[in-house]
Amino acid sequence: MATTTLYTSYSQHANATITVTTNAELNAALAQLDTGGGGTILLDGNGGPFTISGSNIGDANNPILIKALDPSNLPTVESIDLQNASHIAMTELHVDSSGSAASTGHDIIINGSDNIELVGNTMTSVADGYLSEAGTSTRGADLAYIRGSQDITFSNNYIADYCKGVTFRDVNGFDFSNNEMVGIQFDGLHGTGWQNATISNNYMHDFYGSTQTLNHSDFIQVYSTNATLVTSNVTISGNILDSGDGAAYQGIFITSQTFGNSGPSGQYYQDIQIFDNLVHTGKWNGIVVGSTMGAEIYDNSVLLSANSYAQSSPTSSWTQGEPWIKTTNTPDAQVYDNIASKITVSNGDVSSQNYLISFSDPTSTAYFANHFTNLDGSGDLTLDDMSLLASSSLYGTYGSYYSTVGGTWDAGASQPTAPTGGSTSPTPTPTPTPTPPPTTTPDDTTTIPDDATTTPDDTTTPPDDTTTTPDDTTTTTPDTTTTDTTTTDADSEDLVEVFNKSVGLLKAKFTQKGNQKNLKDDDQNSWSNDIKFRALIESMQIVDENAVTAAQNADDDEENAIEISLIM
């Protein structure tokens, strides 16, 4: 299953080999190789800790490899900061800023660079549990912020105990594959403006999580706020996204908060393939794709974790929902050969092309226990527990590769051995009620902005989904982040129907004009009015518009702050 993903070996790496034990020696070696034809720097694990920092270093004629002198004694690298760098590969390092007196917030910052490779490293921080305003857990550092760059390889790394995982922002050409990520408090992988990206064979599991007032939890999220590139040609495949018996997470969440705006952030995403993923969680949005042309979603298993729950605030009850597959504003989506309890798409009923599993009706032939080995088992399930029975009609026909073979995750080549420690089975506190009582249907238009109440370095994540209202017919407990979701009056339902029709007409109109290209002024005005109408209806669906605005303002402020820090 796993592919061999290694750093690029250039012949120039053999031009010179320099062993260093201090930062001063490291800086001198970088300067020498930058103009001397490239080479290899060996970091002595008995020296350091090191800081890898450089601006305008490396190029195709001067490629630089940085690695351990002794792979059994990994050197500690407290931070990596590369600006306008090129052809730099780093492997066999232990990235960890916990010993630094002045952490930069992100252990890794890459900006305006190309052909940067982080392969086969161990990356750890200090997060030690579920993050809540009322709790005592330690907040981890944020791992990586990669912006305005191209041809980035981030693969075969072991990542543990961070607050935020990895952010790719306006990056053309990146490979995020064969990574194991565990013990994360916020999102695992997120960003905006992804082009020519591959996210494959990652194992994201047993995240610590947080209250949803701090962050709306996603394993993988793509959003549109402030994007300068149109997200396109993205493949997400072969990943295991497992919330275990801890905090529930959304699986793969791809939506646009700014569709219809001028510029790249307002356009349709293009050509997104999501296949062969195993999503095991206790939140509704298992796989969601919005505002995309050319979406294909197939061979995925989206399964309920009976042991996984979410909490909206420190004082709210724990909730759980059956995860679904859904597309919105995605008129040509192809959705087939998936397993999920509910599938809703923009362009019609696809239930005959997929298998709708039941988690609530033991008398149904579709009841999960008739098909899966031990999906309702207690504790942190294994892949064997989540695999299909050989006797099931689904075996080898529907769902992900791991649903059929079970076994263990294949980390691929050069994946480091996990160090002692790290999160393995985060348990939310207080312990959730085993079976939350069913009340009203959930409304996923009410998600809280990701970092509206904190001040971390990267608050760029916008509200997860403020543009759609699912027609959910499940009876799971609604997310208590919602304000007033206990009723939906007839008037608002009528308005939603009218709104949906008007949006459909507008979509058809814009498609005829070339997918928003060369729009006339009257079309722009119509779309602007539609956006206002959308905001009005969503406010009736109880979207916290103040929180949305606050998050967007925080995003702008943080973006400016990061730009200033990079310049300085």
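Count residues from 1 along the sequence.
A cation-pi arrangement is present between Arg139 and Phe186 under the rule of less than 6.0 angstrom and at most 45 degrees off the ring axis.
A donor-acceptor pair under 3.5 Å is formed between the side chain of Asn354 and the backbone N or O of Asp337. Side chain of Asn239 to main chain of Ser237: a donor-acceptor pair is present (N/O by atom type, distance under 3.5 Å, no hydrogens or angles). A donor-acceptor pair under 3.5 Å is formed between the side chain of Asn338 and the backbone N or O of Asn300.
Side-chain polar atoms of Ser97 and Asp107 form a donor-acceptor pair below 3.5 angstrom. Under 3.5 Å, the side chains of Asn156 and Gln415 contain no donor-acceptor pair of N or O atoms. Thr213 and Thr211 share a side-chain donor-acceptor pair at under 3.5 Å.
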Might you work through the ring pair (Phe, Tyr, Trp, His ring centres under 6.0 Å) test for Phe174 and Trp194, ending with a clear yes or no?
-> CA-CA 8 Å; Phe174 72 83; Trp194 292 3; 5.3 Å; yes
Which is it for Leu82 and Ile109 under the side chain to side chain contact (heavy atoms under 4.5 Å, CB included) test, yes or no, and what are the steps along the way?
-> CA-CA 6 Å; Leu82 297 176; Ile109 294 177; over 6 Å; no
When you look at Lys67 and Met90, which way does the side chain to side chain contact (heavy atoms under 4.5 Å, CB included) test go after all the steps?
-> CA-CA 6 Å; Lys67 61 185 297 187; Met90 292 158 281; over 6 Å; no
For Tyr355 and His371, run ring pair (Phe, Tyr, Trp, His ring centres under 6.0 Å): C-alpha distance rounded to whole Å, both residues' side-chain angles, the deciding distance at 0.1 Å, then the answer.
-> CA-CA 11 Å; Tyr355 193 88; His371 299 280; 5.3 Å; yes
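Aromatic pair Tyr208/Tyr130: ring centres not closer than 6.0 Å.
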